[in-house]
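What you see below is based on every heavy atom in this structure, not just the backbone, and it leaves out hydrogens, waters and symmetry mates. Since this is a predicted model, take the numbers as computed values, not measurements.
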Amino acid sequence: MKIYNSLSLSKEEFKPLEEGKVKMYVCGPTVYNFIHIGNARPMIFFDTVRRYFEYKGYDVNFVSNFTDVDDKIIKAANEEGVAPEVISERYIKECKQDMAGMNIRPATTHPQATKEIDGMIEMISTLIEKGHAYAAADGTVYFRVKSFPGYGKLSHKDMDALMSGFREIKVTGEEGKEDPNDFVLWKPKKEGEPYWESPWCQGRPGWHIECSVMSKKYLGEQIDIHGGGEDLIFPHHENEIAQSEAASGKTFSNYWMHNAFLNIDNKKMSKSLGNFFTVRDISEKYDLQVLRFFMLSAHYRSPLNFSADLMEAAKNGLTRIVTSVQRLNELEAKAQEGPADQAVLDKFEELKKKYEAAMDDDFNTADAISALFEMVKLANIEINETSSKATVKAVYDMMEKFCYILGIITEKKEESLDAEVEALIVQRQEARKNKDFAKADEIRDRLQAMGIILKDTREGVKWERA
């Protein structure tokens, strides 16, 4: 298995730190609002990486955090007049709902920054003791970049050309820096902000120290893979390396994996352009399985363009695969006992090798999907009512397994309303009863967007899927 390592800018043979085990950390979202589809790409991809490692027989310890203390969270909390944790807990819950919709399995551990403050203070203290960090007069603690000779090795930037603060939060005490490239480990509290006691001042951690500490606590000082979007390479991941390796004296992560950006209709996603979409927005138009399949249709290191046409193509492709697998399931139930047709199974074995070769080559999900489509075509030709149960089962099991790796759900969904839809129908009935027809129409339109068509009859409200 080969992985493209952002550190070496080359594909490298994967060799785990410990035989049969993978320790992987992926930076999670800052929970101040619903996650957007840009957040979804690394979530979907690294979930697929985890699934494939497990398919290969590895025991995977997968950690992905929630950043639950941040300027944006504090701003949202102040606007609503609530505590910051109200905002973060709300959107952690919403994030988990969206992840479930995309069939993203929960990580082994989902740590939260605010619950790991003691570990951050401990690591910062270690960095100060070793001369890699210092406290300014106002209590701000900075990492001394020049004390770490390897700084810039991930982003491949020349130290002399580096400019600080690309994604760094500007804080009071900036004048206390020894060097413009030094970055914040701990910052003093501001009016109306949450804070914690520390040896330096009442305040809160800088963004970068959070992941270093959570990775160390749940995976150890050295890990196999660290992942995230390519926007995190500098300064976030560069700073994580500096902090972690300066504190431990050991290589932090052996492999660094970064997915490319997601564009919308060939433009960068931004609220100012009106092309900003949350996962929740997309869920009103498509099953989130379609979004997942779309995200895996391109290699993770290739920029991906999101458009309505491409989503429709993904929807049709996904339907083809799911329909074929469901057909095999139905044929197996009716098939007669008999020996397996080895000639047919040999053809599928070749496509299995093709699928695995694609995934072994830096998790090329696009080529793996192509191999899966070839299986669909072959199954539709070779497998029919005359095929033996052993033949059908072998093909079904293979295709079902490869769908699972990609996170494709092949089971038929029960024709039933979920709790949210049931609640909306009750709300609509209440609105009609109260003669609030505008609200009733609004709820009806919302249900229609979810693919639920209502019919008001003498027997009551009837519904059907669009």
Quiz item: Between Tyr134 and Asp182, does any side-chain donor sit less than 3.5 Å from a side-chain acceptor?
Solution: yes
Quiz prompt | Lys96: partners by side chain to side chain donor-acceptor pair (under 3.5 Å), with sequence neighbours left out | solution = none
Self-check item: Non-neighbouring partners of Glu178 that pass salt bridge (Lys or Arg N to Asp or Glu O under 4.0 Å), sequence neighbours left out
Solution: Arg144
Quiz item: Just checking, is any N or O donor in the side chain of Ser198 or Arg204 under 3.5 Å from an acceptor N or O on the other one?
Solution: no
Quiz item: Do Leu185 and Pro205 have side chains that get closer than 4.5 Å, going by heavy atoms?
Solution: no
Quiz item: Can the positive tip of Arg51 be found less than 6.0 Å from the middle of the six-membered ring of Tyr404, inside 45° of the ring normal?
Solution: yes
Practice problem: Answer yes or no: does atom CZ of Arg446 have more than 12 heavy-atom neighbours from other residues, nucleotides or ligands under 6.0 Å? | Solution: no
Quiz item: Do Lys2 and Phe14 meet the cation-pi criteria used here (NZ or CZ under 6.0 Å from the six-membered ring centre, within 45° of the axis)?
Solution: no
Quiz item: Under 6.0 Å between the ring centres of Phe363 and Phe53?
Solution: yes
Quiz item: Should we count NZ of Lys153 as having more than 12 external heavy atoms under 6.0 Å?
Solution: yes
Quiz item: How far does CE of Met399 sit from CD1 of Ile408, to the nearest 0.5 angstrom?
Solution: 9.5 Å
Quiz item: Knowing that exactly one of Ile44, Ile282, Val290 qualifies, which makes a side chain to side chain contact (heavy atoms under 4.5 Å, CB included) with Met102?
Solution: Ile44
Quiz item: Strictly under 6.0 Å, is that where the ring centroids of Tyr52 and Tyr55 end up?
Solution: yes
Quiz item: Which ring-ring contact (aromatic ring centres under 6.0 Å, His included) pairs, counting each pair once, include a residue from residues 88-112, with sequence neighbours left out?
Solution: Phe34-Tyr91, Phe66-His110
Exercise. Return the orientation label for the Trp256 and His226 ring planes: parallel under 30°, perpendicular over 60°, tilted otherwise.
Key: parallel
Practice problem: Compute the ring centroids of His208 and His237, then answer whether they are less than 6.0 Å apart. | Solution: no
Quiz item: In a check of salt bridge (charged side-chain N to carboxylate O under 4.0 Å, His left out) between Lys11 and each of Asp360, Asp361, Asp362, which one passes?
Solution: Asp361
